[in-house]
There are 2 protein chains.
Amino acid sequence: MSLLVVGSVALDSVETPFGKADEVLGGSATFFSAAASHLTAVQVVGVVGDDYPVAKLEPLAKRGVDLAGLERAPGRSFRWRGRYRHDLNVAETLETHLGVFSNFSPKIPTQFRKAPFVFLGNIDPRLQLEVLTQVERPRLVACDTMNFWIESRRPDLMKLLERVDAITLNDGEVRQLSDCYNLVKAARWIMKRGPKLVIIKKGEHGAFMFTGDTVFFAPAYPLEEVFDPTGAGDSFAGGFMGYLAKCGEVTEPALRRAVIYGSALGSFAVEKFSIERLLEIDHRDIAARVADFRKLVAFEEDL
Amino acid sequence: MSLLVVGSVALDSVETPFGKADEVLGGSATFFSAAASHLTAVQVVGVVGDDYPVAKLEPLAKRGVDLAGLERAPGRSFRWRGRYRHDLNVAETLETHLGVFSNFSPKIPTQFRKAPFVFLGNIDPRLQLEVLTQVERPRLVACDTMNFWIESRRPDLMKLLERVDAITLNDGEVRQLSDCYNLVKAARWIMKRGPKLVIIKKGEHGAFMFTGDTVFFAPAYPLEEVFDPTGAGDSFAGGFMGYLAKCGEVTEPALRRAVIYGSALGSFAVEKFSIERLLEIDHRDIAARVADFRKLVAFEEDL
């Protein structure tokens, strides 16, 4: 089943303790679709400026990412420059230039409007709400957001919560949104506002999925080299939504496996800059990593 | 099989966002034996001053904790006063009075010297080494340590590493000891110095167990109320060693289950002040929590 993502398509310049990359492919929709395209057909809605190296998106198109919704507007593309120190859980933003992204108004092409699975990447909640007026009864809608919107667009975000099935947030955002330090209580607080499903991404500390009455936890894959954490969360979301769209069901077992696929794709994303590693891997690599996740947490019921 | 622990027996005064406790039972050997005694017979070696409320240890003695190695010395008992803010992973030490503990020299009673499982709680590595000269070919020796000893007693600690089978450390200590930020590499570094088994306790973020070629991860139990994190690490060690002593084997499946028992006992310890909660629970509570840990990480191999 097809999967629609609305989000940013950007150029990232990143510095980590292990190296530097300049003006490489970035943005939530880019990482999301690079990850999800391993599992299902992906439809992207976003905007780039007339300076964007669109040819570099070709490998995504070849893998079934439909870029018909990627608008090209006159002006400069969205650029982000950031740095990580040894604690790779913390990104330091050095520069953000919104460019054409500041006037982004998502227009969902007619052929994308029936997508059964929809992911609203981290953009203004007002735009996320606009997307929802354009799609036709999707089976599952998930959204992401960030500290900036939680602070500046709380009323819109609360309206959005009423209309989504799932939300993915990091632990800091969950605490900020709910004003509650304990993550179990914070997740409950959010579920009362709408989403049936709350996914808390804790970076190197793994991810929780809270549903009505169950909790699922997936560790982060213990990598010896975390090269560049940029895009890990969006790649997680891509793996999660991609797996659900692939198997076409939204049951507890499917959701749990979807979190593992999200963790697996997220763990590949951080092994190289940009979407490089996500473009190298194939279904065998993913299957092997999913099997590794199983070994990582497996213990015998009884001895 | 019996389990020997050498460590501190203290009086703790603790302040958390949820309450205050004054001069309650604390210390590594106290938490360790309160946890381990749910699983096996425990032998304690430690020291208290003549002001220690020894009668309060009676509930431990009733549950099979042999206090024959608990020396009573003239002077004041070891006292620790600390505070936690909302981030319960970080303890702020307000006062430490070593008292009689500063002259502690562990003497292992003859009847304890054949204990097959030995845990060296967090004391001066020179004393931990002295214990090893007094015990007779134990099957498994594990030790704990802390930032203070890593800094001030590194040569002794390195000697100790050569002589233990397992070490439990928190993530900060692992990084300090190995001078390596990445935990996978840090664990390898430590294993090269002696221990076949490195357990990294990450508090609310769970625990890793590294062996020669496997990695196991157990999440922390997602509690709605973490009341007082004091003693969580020692209770974890008590559950871990207690389970191994109970089943008497040191195989990979037993070690994995031992980590889960450690996580379960650690999660009970933080539900109340001191060893209160550890004294309330019984084997049914523990079995139920172990089953919860399974549900927390379980996912289907295939759909």
Side-chain angles (χ1 to χ4, degrees), chain A residues 17 85-88 171 175 180-188 200 202-210 214-226 243 246-249 251-261 287 290-303, chain B residues 17 85-88 171 175 180-188 200 202-210 214-226 243 246-249 251-261 287 290-303:
Chain A
R85 311 267 184 181
H86 272 283
D87 182 354
L88 297 163
D171 40 358
R175 286 172 172 141
C180 180
Y181 196 86
N182 181 283
L183 295 180
V184 183
K185 286 185 181 168
R188 291 248 170 86
I200 305 180
K202 303 199 299 167
E204 63 160 323
H205 300 306
F208 274 116
M209 176 176 68
F210 290 88
T214 70
V215 193
F216 177 63
F217 180 82
Y221 189 75
L223 288 166
E224 268 197 69
E225 307 272 358
V226 175
Y243 182 78
K246 175 194 165 86
C247 75
E249 53 172 274
T251 57
E252 175 80 19
L255 288 166
R256 287 181 169 229
R257 274 181 72 78
V259 170
I260 297 295
Y261 273 80
V290 167
D292 280 348
F293 270 98
R294 219 182 154 67
K295 283 182 218 146
L296 185 56
V297 297
F299 64 93
E300 315 260 341
E301 189 87 51
D302 264 307
L303 282 183
Chain B
R85 312 267 186 182
H86 273 281
D87 181 354
L88 296 161
D171 40 358
R175 286 172 172 142
C180 181
Y181 196 86
N182 181 283
L183 295 180
V184 183
K185 286 185 180 167
R188 292 248 169 85
I200 305 179
K202 303 200 297 168
E204 62 160 324
H205 300 305
F208 274 115
M209 174 176 69
F210 290 88
T214 70
V215 193
F216 177 63
F217 179 81
Y221 188 75
L223 288 166
E224 267 197 69
E225 307 272 356
V226 175
Y243 183 79
K246 175 194 165 89
C247 75
E249 54 173 271
T251 57
E252 175 80 21
L255 287 166
R256 288 179 169 231
R257 273 181 72 78
V259 170
I260 296 294
Y261 273 81
V290 168
D292 281 347
F293 269 99
R294 219 183 153 68
K295 283 181 219 146
L296 185 57
V297 298
F299 64 93
E300 314 261 342
E301 189 86 51
D302 264 307
L303 281 184

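Because only heavy atoms are used, hydrogens play no part in the values below, and waters and symmetry mates are left out as well, while side chains stay in. Order of the sequence lines fixes the chain letters, A, B, ..., with proteins taken first and strands second; residue numbering starts at 1 for each chain.
In this structure, B/Pro17 and B/Leu88 have side chains that are in contact, with non-hydrogen atoms separated by less than 4.5 Å.
Ranked by non-hydrogen atom pairs under 4.5 Å with chain B, the options A/Met209, A/Glu224, A/Arg256, A/Glu252 are led by A/Glu224. The residue among B/Val290, B/Thr214, B/Val215 with the most heavy atom pairs within less than 4.5 Å of chain A is B/Val215. With chain B as partner, the option from A/Val226, A/Asp292, A/Leu223 having the largest number of non-hydrogen pairs under 4.5 angstrom is A/Leu223.
For B/Phe217, the ring pair (Phe, Tyr, Trp, His ring centres under 6.0 Å) test picks out A/Phe217, B/Phe208, with sequence neighbours left out. Taking the side chain to side chain donor-acceptor pair (under 3.5 Å) definition, one finds that B/Lys202 meets it with A/His205, sequence neighbours left out.
Side-chain atoms of A/Arg257 come within 3.5 Å of backbone atoms of B/Glu300 as a donor-acceptor pair (strictly under, hydrogens ignored).
With a 6.0 Å cutoff to the six-membered ring centre and a 45° limit on the axis angle, A/Arg188 does not count as a cation-pi contact of A/Phe210.
Note on ring orientation: taking the six-membered ring where Trp is involved, the planes of A/Tyr261 and A/Tyr243 are parallel (angle under 30°, cut-offs 30° and 60°).
The parts of A/Phe216 that come within reach of chain B are both its backbone and its side chain, each placing non-hydrogen atoms under 4.5 angstrom from that chain. Both the backbone and the side chain of B/Leu296 come within less than 4.5 Å of a heavy atom of chain A. Within the 4.5 angstrom heavy-atom criterion, atoms from both the backbone and the side chain of B/Ala298 approach chain A. At a 4.5 Å heavy-atom cutoff, the contact between B/Asp87 and chain A is made by backbone and side-chain atoms alike.
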